[in-house]
Protein chains: 2
Amino acid sequence: MQVPLYQAKAEFFRMLGHPVRIRVLELLGEGPVPVRDLLAETGVEASNLSQQLAVLRRAGIVVSTRDGANVVYALAGPDVADLMRAARRILTEMLQGQAELLASLAVEGE
Amino acid sequence: MQVPLYQAKAEFFRMLGHPVRIRVLELLGEGPVPVRDLLAETGVEASNLSQQLAVLRRAGIVVSTRDGANVVYALAGPDVADLMRAARRILTEMLQGQAELLASLAVEGE
DNA sequence: TGAGCAATTGAAGACTTCTTCAAGTTGACC
DNA sequence: GGTCAACTTGAAGAAGTCTTCAATTGCTCA
């Protein structure tokens, strides 16, 4: 690997660092989804969604296939699905931890 | 939680999206580290490191304590250490998966 | 072939984040 | 107190990312 590992990791996390992209990846975690549905679920403008999908595609973590007039997206591999599950679990724990921290700070503050 | 979950997750990942911050978090995964050592390990300018540490502090995932003339940083809680371990594992798998993908593409291309 | 929907692309401006510099704070030691 | 080292802060310009618009491609169906 040419690029230093920290750099690669940072790039990867930065790629995850957008609400629409996260949402898309979680939806794809359940299975392939046509763009039309992603559009409906995320509620963003079509061109904006396309831009975000392009970021995910460039990162190689999703793939798109055409099905007639529609395009369907899917996670590029099972690793990605695992990753999303793990990220979800971790994040939930993490945010919960922070919520508790905030709660305890609020009590102290009184 | 007021902020939509996707937003919170995205912010969290964005916070991880910097090579110096990743490096720092991994070093702190082993235990508390004085700024002096972080400085030596990362090789960045002091003020730059301080800025990155401030980002991590604001996110609440590290804490700093003064020890005489030195400042020592540590992960804010055990959850964070777990998180870093999980992130490392996931990322390694992920990057490995990508490497394999690239390798197979290279073969196909010939 | 042409109308029309689905999705993507390119480009421009707004907005964030990074890096760097100079200045400030805090504690140790004389 | 004065000075030095360790670290942090604020601010400014450079660099990167987001959103949006208009234009484009690919497909279907008449």
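This is a predicted model, so every value here is computed, not measured.
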Please state whether the phosphate of D/dT8, meaning OP1 or OP2, lies under 4.0 angstrom from any side-chain nitrogen or oxygen of B/Y73. yes
Just to verify, what does A/Q51 make a side chain to side chain donor-acceptor pair (under 3.5 Å) with, not counting sequence neighbours? none
I'd like to know if the side chain of A/R21 and the backbone of A/M15 have a donor-acceptor N/O pair within less than 3.5 Å. yes
Distances under 3.5 Å only, N/O to N/O: pair up the protein atoms with those of nucleotides 13-15 of chain C.
none

Is the shortest heavy-atom distance from the side chain of A/V20 to the side chain of A/L49 under 4.5 Å? yes
Taking only residues two or more places apart in sequence or in another chain, which ones pass side chain to side chain donor-acceptor pair (under 3.5 Å) with B/R14? none
Is there any protein nitrogen or oxygen under 3.5 Å from a nitrogen or oxygen in nucleotides 9-12 of chain D, and what are the pairs?
residue	atom	partner	partner atom	Å
D/dT9	OP2	B/R57	NH2	2.9
D/dG10	O6	B/Q51	NE2	2.8
D/dA11	N6	B/Q51	NE2	3.3

For A/L27, check side chain to side chain contact (heavy atoms under 4.5 Å, CB included) against everything at least two apart and list the hits. A/R23, A/L38, A/E41
Residues two or more places apart in sequence or in another chain: which of them pass side chain to side chain donor-acceptor pair (under 3.5 Å) with B/N70? none
Which atom pairs link the protein and nucleotides 28-30 of chain C when you take only N or O atoms and keep those under 3.5 Å?
none

Tightest non-hydrogen contact, residues A/L75 and A/L25, listed as CD2-CD2, 3.8 Å
Please list, chain by chain and in numerical order, all residues satisfying side chain to side chain contact (heavy atoms under 4.5 Å, CB included) with B/A46, sequence neighbours excluded. B/L39
What residues 28-41 of chain A contributes to the DNA chain C interface at heavy-atom separation below 4.0 Å is A/V35, A/R36
Can you name the side chain to side chain donor-acceptor pair (under 3.5 Å) partners of B/E45, sequence neighbours left out? none
Partners meeting side chain to side chain contact (heavy atoms under 4.5 Å, CB included) with A/S50 (sequence neighbours left out): none
Atom CG in A/L28, atom CD1 in A/I61: separation rounded to 0.5 Å? 8.5 Å
Between A/R66 and B/Q52, just flag the one whose closest nucleotide in DNA chain C comes earlier from the 5' side. A/R66
Interface with DNA chain C, restricted to residues 18-27 of chain A and to heavy atoms under 4.0 Å: none
